[in-house]
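Step one of this worksheet: look at the structure below.
Excluded from the calculations below are hydrogen atoms, water molecules and symmetry mates; all remaining heavy atoms, backbone and side chain alike, are included.
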Amino acid sequence: MLNAMQQRAVTTNQASALILSGAGTGKSSVLVARIQHLLEQGTPAQAIMAISFTNKAANEIKQRLAAQQLPSLNELWLGTFHSLCFKLLMMHTKGKGKVISQSQQLSIIKNLVSTLGIEMDAKKVLGFINAKKDHGLRAKESDELFEQLYSAYEKHCEAQSLMDFGELLLRTYELLSGHSALLTHYQNQFEYVLVDECQDTNAIQFAFLKLLTLPKQNLFIVGDDDQSIYGFRGAVVENMTQFQSDYPAHELVKLEQNYRCSKTILDAANHVIAHNKQRMSKVLRTDNPMGEAITVFAANDAEKEARFIVGEIQRLQAQGHGLQEIAVLYRTHSQSDVLTDHLLQAQIPYFIARGQRFFDRKEIKLVLCYLQLALDCHDNGALEVCLNTPVRGIGLATRQRMETLANQQEISSWQALEQLIEIQEVSGKTLQGITDFMILIKRLQEIVPVLSLGEALQAIIDETGLIAWFSRSDDGQERLDNLDELLQLAGNFKEEPSIELNVFEQFLAHACLSTQEEQGIGVQLMTLHASKGLEFETVFLMGLEQDLFPSKNGLLEEERRLMYVGITRAKQRLFLTHAKQRQLYGNTRQQQPSRFLAEIPERLVNALKDKPAITLKLPQGLALPTPAYA
DNA sequence: TAATCAGCTTTTTTT
DNA sequence: AAGCTGATTA
């Protein structure tokens, strides 16, 4: 059932609207209901574009609509900015262009930096380029080294028809703004454009939205300025205020009734976020009971902190609480290690919403690169990955010769390999290795096209001997499990009929664009960023220490919003922990409690202290023996 | 010439 | 603690 405000958001006759919706106010339900309402009013599905923040969120919306038995949902333009832009580009550029992930992007830049002989941090260059693209800016003629590298990178991608994430958006924007007929077509097609999590849109995304909807003023945005946590990625909260002046006739609806959190938890969240100066006005309230006090635990060190959390989880488990309903949130991925050690010891199942994205893992990337080579052996990036894995005796020297040859003659790496053999530049083990490799790829080229996606991946795994290769490494089992998971994903993959790519190409693009991994069994471990949009009965927020959270380099107000997001994930129970001492970058550091802790009223808190550290008093002249292990 | 090993920096957050 | 570079060994 929807409340009056939600109802108003769903049924407004204004095509443009700003739905300012706080945490736990039923925003997803509103979005789904709004789409349903439009469809029931007779709006054709293809006239609706709905943009969500993650693919997972898009799938959820689709599921919920499907449950309402609405027709022609496949016609709906539903997805992330990136996936929708990809679809648009594929429809109008005849399937030209491959999507590359950030890690592929980085390796291109590394190559570029080293071949140009420039002393520069590749990651910084990557950051620069992505920031430019987020702002919708192309490389410009300049003396500045960054700009020159950006320009070189652009040329490289152009030549290899590669598209990174930013490129998808930028190019779509340019496609539409440069072809007035096409633009008019889409402006007419879409009667309603809806955007979720709009507080996290960046400049180019908002420009794209305006391009599409400014004339008809048909943009419906949902968001919460207090939950804007992607500034580092170019998100501009100001897009929400900008919207208000760009779409003057818009309806403004505030959703302030929280259905998720206990009074105590919401009270704490409200107090914390009140310390931010830049906010749109909005006050959350709830009819939920007071609930339990918030537990704050000051641990002597990170070890004790983890032990405390595990102990509390065991207690909750004994009381009959499901592990699925418990989450531990932290600021950085590296914090999870201590905790998983203890969870493992206590034999408590857990699931980490991966730091390393599934498709970025070595074993997965390899299989996909082999698939890529089977489709197109001139893909230099994929060739570089596969050439010597499993080991074939092709080392750095050979690789460099190949690259030089390829650069000189302007041919692909594959062709360079052919030439190396032809001009008898290589011999012995290396020659054998290259020959084996080329025979393997040629064989894959033959068999893959006649197989289904699942069969093709299975064939690649078999033919390359990857199982044997990974069995040798100590984390082999995990890698083999991942390969199984990949086969499963491939088995369930549905191809999109409206674009001119075969199922293999679509799967490769999907691999880059999707975040994924459904939630697994057990206690849920994830970064605060990854927790956005989720909710749990019990939430542990760990590592609440100055310079860690709030992070040293972060902007304070954004860090505080992150804290706000973290607190409001909890429905019934919230634990906040910090350690007085922890290992950071190798050495032990004394840590001060996070300033955010002091921003929570004491009356809401039950403060626990760690047992005092035991200090042994030794007789004069005696020293403790140093332990054999540390 | 390639594979392996040991010592070096290096950390936020992600479509 | 992990990933990368440089040195060492086969």
Atom [atom1] of [X] and atom [atom2] of [N]: how far apart are they, to the nearest Å?
X: A/Arg582; N: C/dA1; atom1: CZ; atom2: P; result: 13 Å
X: A/Lys124; N: B/dT11; atom1: NZ; atom2: P; result: 9 Å
X: A/Leu555; N: B/dT12; atom1: CG; atom2: P; result: 14 Å
X: A/Lys532; N: B/dT13; atom1: NZ; atom2: P; result: 16 Å
X: A/Leu329; N: B/dT13; atom1: CG; atom2: P; result: 14 Å
X: A/Gln199; N: B/dT14; atom1: CD; atom2: C1'; result: 15 Å
X: A/Arg171; N: B/dT15; atom1: CZ; atom2: P; result: 22 Å
X: A/Asp164; N: B/dT15; atom1: CG; atom2: P; result: 15 Å

Which is true for [X] with a 4.0 Å heavy-atom rule: it touches a base, it touches only sugar-phosphate, or it touches nothing?
X: A/Tyr230; value: sugar-phosphate
X: A/Ser334; value: nothing
X: A/Glu558; value: nothing
X: A/Phe81; value: nothing

With sequence neighbours excluded, tell me which residues meet side chain to side chain contact (heavy atoms under 4.5 Å, CB included) with [X].
X: A/Gln432; answer: A/Asp436
X: A/Asp121; answer: A/Lys123, A/Lys124
X: A/Ser107; answer: none

Study note, to complete from the structure: Of A/Arg331 and A/Ser52, the one whose closest nucleotide on DNA chain B sits nearer the 5' end is A/Arg331
Review point. Which sits closer to the 5' end of DNA chain B, A/Asn130 or A/Asp121, going by the nucleotide each is nearest to?
Key: A/Asp121
Check your understanding: Which one, B/dT11, B/dT14, B/dT12, comes nearest to the side chain of A/Thr527?
Key -> B/dT14
Practice item. Please tell me which of the listed nucleotides, B/dT14, B/dT15, C/dC4, lies nearest to the side chain of A/Thr54? Key: B/dT15
**Study point:** salt bridge (charged side-chain N to carboxylate O under 4.0 Å, His left out): pairs with one or both residues in residues 199-210 of chain A, sequence neighbours excluded
**Key:** A/Asp200-A/Lys532, A/Lys210-A/Asp246
Check your understanding: A/Phe232 on top of B/dT13's base, within under 5.5 Å and under 30°?
Key -> yes
Review point. Do the charged groups of A/Arg561 and A/Asp225 touch, with an N to O distance under 4.0 Å?
Key: no
Review point. With the threshold set at 4.0 Å, does a side-chain nitrogen-carboxylate oxygen contact exist between A/Asp134 and A/Arg233?
Key: no
Check your understanding: Say you pick atom C1' in B/dT11 and the same atom in C/dG6; how far apart are they, in whole Å?
Key -> 23 Å
Check your understanding: Given the C1' atoms of C/dC4 and B/dT13, what is the spacing between them in whole Å?
Key -> 23 Å
Would you tabulate the pairs of protein nitrogen or oxygen atoms and nucleotide nitrogen or oxygen atoms of nucleotides 1-6 of chain B closer than 3.5 angstrom?
| unit_1 | atom_1 | unit_2 | atom_2 | d |
| --- | --- | --- | --- | --- |
| B/dA2 | OP1 | A/Gly395 | N | 3.2 |
| B/dA2 | OP1 | A/Thr398 | OG1 | 2.4 |
| B/dA2 | OP2 | A/Ala397 | N | 3.3 |
| B/dA3 | OP1 | A/Gly393 | N | 2.9 |
| B/dA3 | OP2 | A/Asn388 | ND2 | 3.2 |

Study note, to complete from the structure: Hits for ring pair (Phe, Tyr, Trp, His ring centres under 6.0 Å) against A/His529, two or more places apart or cross-chain, chain-then-number order -> A/Tyr230, A/Phe232
**Study point:** Identified side-chain hydrogen bond (donor to acceptor under 3.5 Å, both in side chains) counterpart of A/Glu545 within the set A/His578, A/Gln581, A/Arg582, A/Gln592
**Key:** A/Arg582
Check your understanding: Are OP1 or OP2 of B/dT15 and a side-chain N or O of A/Ser83 less than 4.0 angstrom apart?
Key -> no
Point to revise | Phosphate OP1/OP2 of B/dT14: any A/His333 side-chain N/O under 4.0 Å | key: yes
